[in-house]
K.L.:
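One structure coming up, written as structure tokens, with questions to follow.
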Amino acid sequence: MKDQYDVVIVGGAVIGSAVAYYLAANPDFDGSVLVIERDPTYLKAATSLSSSSIRTQFSNPINVKISQYGSQVIRNFGEMMQVEDDRPDLGFHSGGYLFLANTPEQAQVLRENHEAQISCGADVVLWNRDELANAFPHLNVADIELASYGRSGEGWFNNTGLMYGFKNKARSLGVDYVTDEAVAIGRDGDRVTSVTLKSGAVVKAGTVVNASGPRAALTARMAGLDIPVEPRKRTLFVFDCASTPEGTARVNEGRLPLMIDPTGVFCRPEGRFFLTGCPPVEDPAVDWDDFEPRYEEFEEIIWPALAERSPAFEAIKVVNQWAGHYDFNTLDHNLVVGRHPEVRNFVFANGFSGHGLQQGPATGRGVSELIVYGEYRTLDLTEVGYERIVENRPFLEKAVI
């Protein structure tokens, strides 16, 4: 590690490593990059504990386009991230997402979202009750008014594989990683100047990127700035099924999608098991080190909803569970990407609210463009910039799980 870098990135999971990769891979950038990561095991990183899925079914075109690019990167990841003979395989399962609506209000939201999705070229269809029953005969559909199904570009993949692919490629391109923790950020007027580490080292910085996940607010405060991001706990459960419905679909070679029930409970295949979770009834901010699962959610919320939706889910048992953190943007549940309007060399890449893994590639590319060119050159992320935080102007996304 040197004592001065052109770019210092605080946080080395998928967002920080994606930024590092896109900077180092850009032939127009000849600067130096340091990534600071407090826990190189990534055991408690939001990346590692996520449900590792990607979808294009959002209500805002910018979020659709962000995921379309993410899907493109995932498909070509082995080639993009090859280091010598190592070509990382993310094991992408093209299962799609299936949103179910059982009220006129929910159905209208799906229709409005669908307009935004198809305007971007997303491969999404709307199904009535009969079409849904024909595609997935294991489901109880008597109460369903409308369904939205992603036929391609959606699914799930190896979450840590994405992160380590970016990290390993970035390192091969000359990016430095250090195991340490940022404890202070120096600032001179409208510029940040340095990052002080827990080890005592002080690193001069031309630009600082906040890629701190659920700890984003802590990093921002070191620079005298603020961002409305806090850790919110989400518990995931893996369950076994006495009589699995996987393979019974009449679409996509029998594969089941990630289904979002009208109750908010979601479920998808996970190898020979299933992965499931739900929005918590109460959703307070939690301590950054609180990873105790909310065990009661399975019996009280998830199992009743799944058993009602399919006879196949009446006889199931939990085989594993864990809790992870959303880096939850309390303003509008959407990513915050871009420079601070006054402290221009402090860049935010935060607040993904559970979508960071799928939005990592586009975020990494966008932040690198801001740093190298002073503007976006591919996908314009201005709509999700920090200015809306200052103006208290929410950029709402209706398709939040």
Side-chain angles (χ1 to χ4, degrees), residues 1-37 40 69-70 72-73 76-84 86-88 162-180 182 185-197 201-212 219 223 337-341 343-350 359-382 385-386:
M1 185 180 73
K2 300 179 292 187
D3 61 4
Q4 182 171 349
Y5 288 84
D6 295 290
V7 180
V8 175
I9 302 169
V10 183
V14 69
I15 300 298
S17 289
V19 173
Y21 160 73
Y22 280 98
L23 281 170
N26 189 332
D28 293 331
F29 178 76
D30 59 1
S32 54
V33 180
L34 174 69
V35 179
I36 303 165
E37 174 51 51
Y69 178 67
Q72 175 186 329
V73 168
N76 299 311
F77 202 68
E79 180 181 351
M80 290 177 65
M81 300 300 148
Q82 182 170 356
V83 177
E84 297 180 347
D86 181 25
R87 290 171 58 95
L162 185 75
M163 173 181 65
Y164 281 115
F166 279 130
K167 178 178 180 178
N168 293 339
K169 186 66 173 183
R171 293 183 68 179
S172 76
L173 294 172
V175 172
D176 288 342
Y177 277 72
V178 62
T179 300
D180 214 324
I185 294 176
R187 180 174 160 185
D188 182 8
D190 61 356
R191 293 189 62 80
V192 290
T193 57
S194 64
V195 178
T196 300
L197 306 182
V202 178
V203 181
K204 294 180 181 178
T207 295
V208 173
V209 178
N210 184 354
S212 305
T219 301
V337 175
R339 298 182 183 276
H340 188 276
V343 186
R344 301 289 294 169
N345 66 333
F346 189 93
V347 182
F348 295 93
N350 309 114
Q359 295 180 327
T363 297
R365 183 181 64 173
V367 169
S368 72
E369 290 170 354
L370 276 185
I371 293 172
V372 177
Y373 305 114
E375 63 181 4
Y376 295 116
R377 291 287 183 90
T378 50
L379 183 58
D380 188 353
L381 301 178
T382 304
Y386 185 84

K.L.:
Between Val35 and Val178, is a side-chain contact (heavy atoms from CB on, under 4.5 Å) present by the stated rule, with each step listed?
P.N.:
CA-CA 6 Å; Val35 179; Val178 62; over 6 Å; no
K.L.:
Are Lys2 and Tyr5 in a cation-pi contact, defined as NZ or CZ under 6.0 Å from the six-membered ring centre and within 45° of the axis?
P.N.:
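Geometry flag: set, cation within 6.0 Å and 45°.
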K.L.:
Nearest heavy-atom pair of Ala211 and Ile15: which atoms, and what distance?
P.N.:
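Shortest heavy-atom separation between Ala211 and Ile15 comes out as CB-CG2, 4.0 Å.
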K.L.:
Taking atom CG of Asn76 as the centre, report whether more than 12 heavy atoms of other residues, nucleotides or ligands fall under 6.0 Å from it.
P.N.:
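For Asn76, atom CG is crowded (more than 12 foreign heavy atoms under 6.0 Å).
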K.L.:
Step by step, work out the side-chain contact (heavy atoms from CB on, under 4.5 Å) result for Val192 and Val343.
P.N.:
CA-CA 7 Å; Val192 290; Val343 186; 3.9 Å; yes
K.L.:
I need the minimum non-hydrogen distance between Pro361 and Gly70, along with the two atoms involved.
P.N.:
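Pro361 and Gly70 have their closest heavy atoms at CG-CA, 4.1 Å.
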K.L.:
In sequence, state the C-alpha distance, the side-chain angles, and the governing distance for Val209 and Val10, and then conclude on side-chain contact (heavy atoms from CB on, under 4.5 Å).
P.N.:
CA-CA 6 Å; Val209 178; Val10 183; over 6 Å; no
K.L.:
Between Phe166 and Phe77, is a ring pair (Phe, Tyr, Trp, His ring centres under 6.0 Å) present by the stated rule, with each step listed?
P.N.:
CA-CA 9 Å; Phe166 279 130; Phe77 202 68; 5.5 Å; yes
K.L.:
Compute the centroid of each ring, for Tyr386 and then for Phe346, and state whether the two points are separated by less than 6.0 Å.
P.N.:
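Centroid distance Tyr386-Phe346: not below 6.0 Å, so no.
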K.L.:
I'd like to know if the side chain of Glu369 and the backbone of Glu375 have a donor-acceptor N/O pair within less than 3.5 Å.
P.N.:
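No; zero donor-acceptor contacts below 3.5 Å.
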K.L.:
Run the side-chain hydrogen bond (donor to acceptor under 3.5 Å, both in side chains) check on Ser32 and Asp6 step by step: do they pass?
P.N.:
CA-CA 5 Å; Ser32 54; Asp6 295 290; 3.1 Å; yes
K.L.:
With a 3.5 Å distance limit and no angle check, can you tell me whether Asn168 reaches the backbone of Ala170 through a side-chain donor-acceptor pair?
P.N.:
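Checked: no pair found.
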K.L.:
Is there side-chain contact between Tyr164 and Met81, with heavy atoms separated by less than 4.5 Å?
P.N.:
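No - every pair of side-chain heavy atoms lies 4.5 Å or more apart.
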K.L.:
The test is side-chain contact (heavy atoms from CB on, under 4.5 Å); show your working for Glu79 and Arg87 and say whether it passes.
P.N.:
CA-CA 6 Å; Glu79 180 181 351; Arg87 290 171 58 95; 4.1 Å; yes
K.L.:
Please find the pair of heavy atoms, one from Ser212 and one from Thr219, that lie closest to each other, and give the distance.
P.N.:
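Nearest pair, atom of Ser212 first, then Thr219: OG-OG1, 2.7 Å.
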K.L.:
Judged by atom type as modelled, is there a donor-acceptor pair below 3.5 Å linking the side chain of Arg339 to the main-chain atoms of Val347?
P.N.:
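No; zero donor-acceptor contacts below 3.5 Å.
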K.L.:
Tell me the closest heavy-atom pair linking Ala349 and Thr363, and the distance in Å.
P.N.:
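Between these two residues, the closest heavy atoms are CB-CG2, 4.0 Å.
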K.L.:
Quick one, Leu197 and Val203 - any side-chain contact, counting heavy atoms below 4.5 Å?
P.N.:
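Yes. Closest side-chain heavy atoms under 4.5 Å.
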K.L.:
Are Lys204 and Thr193 close enough that some pair of their side-chain heavy atoms sits under 4.5 Å apart?
P.N.:
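Not in contact.
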K.L.:
Roughly how far, to the nearest 0.5 Å, is the CG atom of Leu173 from the CZ atom of Phe29?
P.N.:
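One finds 11.5 Å between CZ of Phe29 and CG of Leu173.
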K.L.:
Do the side chains of Tyr376 and Val337 get nearer than 4.5 Å, heavy atoms only?
P.N.:
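When only atoms from C-beta onward are counted, Tyr376 and Val337 do touch, with a gap below 4.5 Å.
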K.L.:
In Å, rounded to the nearest 0.5 Å, how long is the span from CG of Asp180 to CG of Leu34?
P.N.:
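Going from CG on Asp180 over to CG on Leu34, the span is 9.5 Å.
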K.L.:
Can you tell me how far OH of Tyr373 sits from OG1 of Thr378, rounded to the nearest 0.5 angstrom?
P.N.:
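Answer rounded to 0.5 Å: 9.5 Å.
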K.L.:
If you define the side chain from C-beta out and look only at heavy atoms, does anything of Met1 sit under 4.5 Å from Asp176?
P.N.:
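No, their side chains stay 4.5 Å or more apart.
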K.L.:
So does Arg171 have more than 12 non-hydrogen atoms from other groups sitting under 6.0 Å from CZ?
P.N.:
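Check fails, neighbour count at 12 or below.
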K.L.:
So, the side chain of Arg365 versus the backbone of Val367: is there a donor-acceptor pair under 3.5 Å, distance only?
P.N.:
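A pair under 3.5 Å: no.
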K.L.:
Could you tell me whether the side chain of Ser17 and the main chain of Gly12 form a donor-acceptor pair under 3.5 Å?
P.N.:
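Side chain of Ser17 to backbone of Gly12, a donor-acceptor pair under 3.5 Å: yes, one is there.
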K.L.:
Less than 4.5 Å apart, any side-chain heavy atom of Leu23 and any of Val7?
P.N.:
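The answer is yes; the side chains approach within 4.5 Å.
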K.L.:
Is there side-chain contact between Val195 and Val208, with at least one heavy-atom pair below 4.5 Å?
P.N.:
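Yes - at least one pair of side-chain heavy atoms lies under 4.5 Å apart.
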K.L.:
Let me confirm one number: the CG-NE2 distance from Asp190 to His340, rounded to the nearest 0.5 Å.
P.N.:
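Here the rounded value is 10.5 Å.
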K.L.:
So for atom CG, which belongs to Asp28, do other residues, nucleotides or ligands contribute more than 12 heavy atoms lying within a distance under 6.0 Å?
P.N.:
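Enclosed.
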K.L.:
Are any side-chain N or O atoms of Asn345 and backbone N or O atoms of Gly206, one a donor and one an acceptor, separated by less than 3.5 Å?
P.N.:
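Confirmed, Asn345 side chain pairs with Gly206 backbone.
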K.L.:
With rounding to the nearest 0.5 angstrom, report the CD1 to CG distance, Ile371 to Asn26.
P.N.:
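Going from CD1 on Ile371 over to CG on Asn26, the span is 10.5 Å.
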K.L.:
Against the six-membered ring of Tyr177, is Lys167 placed for a cation-pi contact (under 6.0 Å from the centre, within 45° of the normal)?
P.N.:
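Cation-pi check for Lys167 and Tyr177: passes.
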K.L.:
Does the side chain of Val33 reach to within under 4.5 Å of the side chain of Ile9, using non-hydrogen atoms?
P.N.:
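Yes. Closest side-chain heavy atoms under 4.5 Å.
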K.L.:
Nearest heavy-atom pair of Gly366 and Leu381: which atoms, and what distance?
P.N.:
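Gly366 and Leu381 have their closest heavy atoms at CA-CD1, 4.2 Å.
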K.L.:
To check you understand the geometry: which heavy-atom pair defines the closest contact between Met80 and Lys169, and what is its length?
P.N.:
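The answer is O-CE, 3.5 Å.
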